[in-house]
Amino acid sequence: MLIELNPMVEISEHIKDLIIASLSGEMGQEEAKELQTWLRASKENKQYYYEWREIWTSTSPSPKFDVEAAYQTFLSRIKKSEPVTTHRYRYLYYAAAAIALFVVSVLSYKTGESNIKSNFADIAVEAPAGSRLKLNLPDGTKVWLNSGSKLTYSQGFGVDKREVNLMGEAYFEVKHQEDKPFSVNSTNLRVNDLGTKFNFCDYADDDEAIVTLTEGKVSLDNFMNYQNNQLLAPGQKAVLDKKTGELTINNAENDYQDWQNNMLVFNGDALNEIAKKLQRNYNIKVIVANDALYQLRFHGSFNTQEAHLRDILDALVATNKIHYRVQGKKVTFY
């Protein structure tokens, strides 16, 4: 099924160039800010961008691809609702290539190959709250899933690409394949990897998404600010502020790996962050009754295989900063 661009949105050639620059990973910081301003101006603008991105990400290279034909296909797709200049912008030319590839992939249904791929089911692996698990992907990549996390990938993983979707936190040791880069998508970020070890944390209820690189090389695509190819070096972490869309890169601490060894570490964590960790690790509901308590920060390290929930709660109370009460599977700090 072909994707039709929204004819109700009038798009300037400059905006089109910005969109394609974003999708092709060739956008500068100032251009990203300009595109973000345009996207925030209306829901229609965002929808237009998402339609382009869906076309872009749905394509796959074809050895029979004709760039000139692709450009003509692109023109015929959009001229129904938009005036088009005869100047072939470089990024717009690439857009035509992407759309033509999409058309080629649709036509290939006649051969049966695409029909097989379209029938691949999604495989979902989940670590419920209070548990962790380790799995091996079909390509040999090792994945550790933290509590309350879910990993989804196609049954056809590795056939023409290696891509997984993550909700929560996972540590990856990626099996290198030169011709098939490995990528992890969350709601806010994409990690593109060539063969390395990294931790990716993006829980839905967290204020930040964090990628920490142990070894190798990765690039990041920021879906919030539409910035691609942000490089990360070993020993660094990228922190995405979900409220502002700002991505910062700095040196990493070593405690991000502790959860793999059944350790629960509070490294100056605010009480609301501690509450989330307790909920995920012990499958309970945690309530902070007084907003003033959110300002409190705590340090501590516990082995979740040995320490009971009460042990951790008592340790927090021993600081003389808070109290707690337990009602069934609900803990209230006050």
Side-chain angles (χ1 to χ4, degrees), residues 124-137 141-153 164-174 182 184-189 191 193 196-216 218 220 232 234-240 242 249-286 297-316 329 331 333:
V125 183
E126 189 169 1
S131 67
R132 298 184 179 92
L133 61 84
K134 177 183 176 182
L135 65 144
N136 292 325
L137 295 178
T141 293
K142 298 178 182 180
V143 184
W144 287 259
L145 273 182
N146 204 352
S147 299
S149 301
K150 182 178 180 180
L151 189 77
T152 307
Y153 59 94
V164 300
N165 297 307
L166 174 67
M167 292 188 295
E169 182 172 20
Y171 180 78
F172 296 85
E173 291 187 357
V174 179
F182 185 93
V184 185
N185 298 315
S186 75
T187 303
N188 305 288
L189 281 173
V191 178
D193 167 78
T196 185
K197 300 177 181 180
F198 63 94
N199 194 79
F200 191 174
C201 182
D202 190 0
Y203 286 100
D205 57 348
D206 281 354
D207 295 330
E208 297 176 333
I210 303 174
V211 177
T212 310
L213 182 60
T214 304
E215 64 180 57
V218 300
L220 306 176
L232 202 61
Q236 290 185 325
K237 70 175 179 180
V239 179
L240 175 67
K242 296 183 185 179
I249 297 176
N250 46 51
N251 293 330
E253 303 290 342
N254 293 323
D255 58 5
Y256 70 90
Q257 288 182 296
D258 290 334
W259 67 265
Q260 297 170 249
N261 300 315
N262 299 312
M263 297 301 294
L264 182 61
V265 177
F266 307 146
N267 189 15
D269 292 359
L271 187 59
N272 63 318
E273 295 301 322
I274 291 175
K276 293 175 184 177
K277 290 184 178 181
L278 292 177
Q279 289 183 150
R280 295 164 187 162
N281 281 275
Y282 290 96
N283 192 22
I284 58 172
K285 176 68 175 179
V286 180
R297 294 183 176 274
F298 299 86
H299 292 79
S301 180
F302 306 89
N303 188 320
T304 56
Q305 298 297 303
E306 301 173 357
H308 296 289
L309 175 61
R310 289 274 187 177
D311 296 329
I312 300 176
L313 297 176
D314 289 342
L316 293 172
K329 297 192 69 174
V331 174
F333 289 120

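What you see below is based on every heavy atom in this structure, not just the backbone, and it leaves out hydrogens, waters and symmetry mates.
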*So do the side chains of Asn165 and Leu151 get within less than 4.5 Å of each other, counting heavy atoms only?*
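No - every pair of side-chain heavy atoms lies 4.5 Å or more apart.
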
*Would you mind reporting whether Val191 and Phe172 have side-chain heavy atoms less than 4.5 Å apart?*
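No - every pair of side-chain heavy atoms lies 4.5 Å or more apart.
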
Under 3.5 Å, side chain of [X] to main-chain N/O of [Y], donor-acceptor pair present?
X	Y	value
His299	Phe266	no
Lys134	Lys142	no
Ser149	Glu169	yes
Thr214	Phe198	no

If you compare all heavy atoms of [X] against all heavy atoms of [Y], which two are closest, and at what distance to 0.1 Å?
X	Y	result
Val211	Leu232	O-CD2, 3.7 Å
Leu145	Val125	CD1-O, 3.4 Å
Lys150	Ala124	CE-CB, 3.7 Å
Ser147	Ser131	OG-O, 2.9 Å
Gly148	Tyr203	O-CE2, 3.5 Å

*Can you tell which of Asp202, Asp206, Asp207 makes a side-chain hydrogen bond (donor to acceptor under 3.5 Å, both in side chains) with Lys242?*
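That would be Asp202; it is the only one of Asp202, Asp206, Asp207 passing the side-chain hydrogen bond (donor to acceptor under 3.5 Å, both in side chains) with Lys242.
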
*Check the pair Asp205, Lys276 against salt bridge (charged side-chain N to carboxylate O under 4.0 Å, His left out), reporting the backbone distance first and the verdict last.*
CA-CA 9 Å; Asp205 57 348; Lys276 293 175 184 177; 5.1 Å; no

Please tabulate, one pair per line, all N/O donor-acceptor pairs under 3.5 Å involving side-chain atoms of residues 301-309, not counting sequence neighbours.
unit_1, atom_1, unit_2, atom_2, d
Asn303, OD1, Gln305, N, 2.8
Thr304, OG1, Arg132, NH1, 3.4
Thr304, OG1, Asn262, O, 3.0

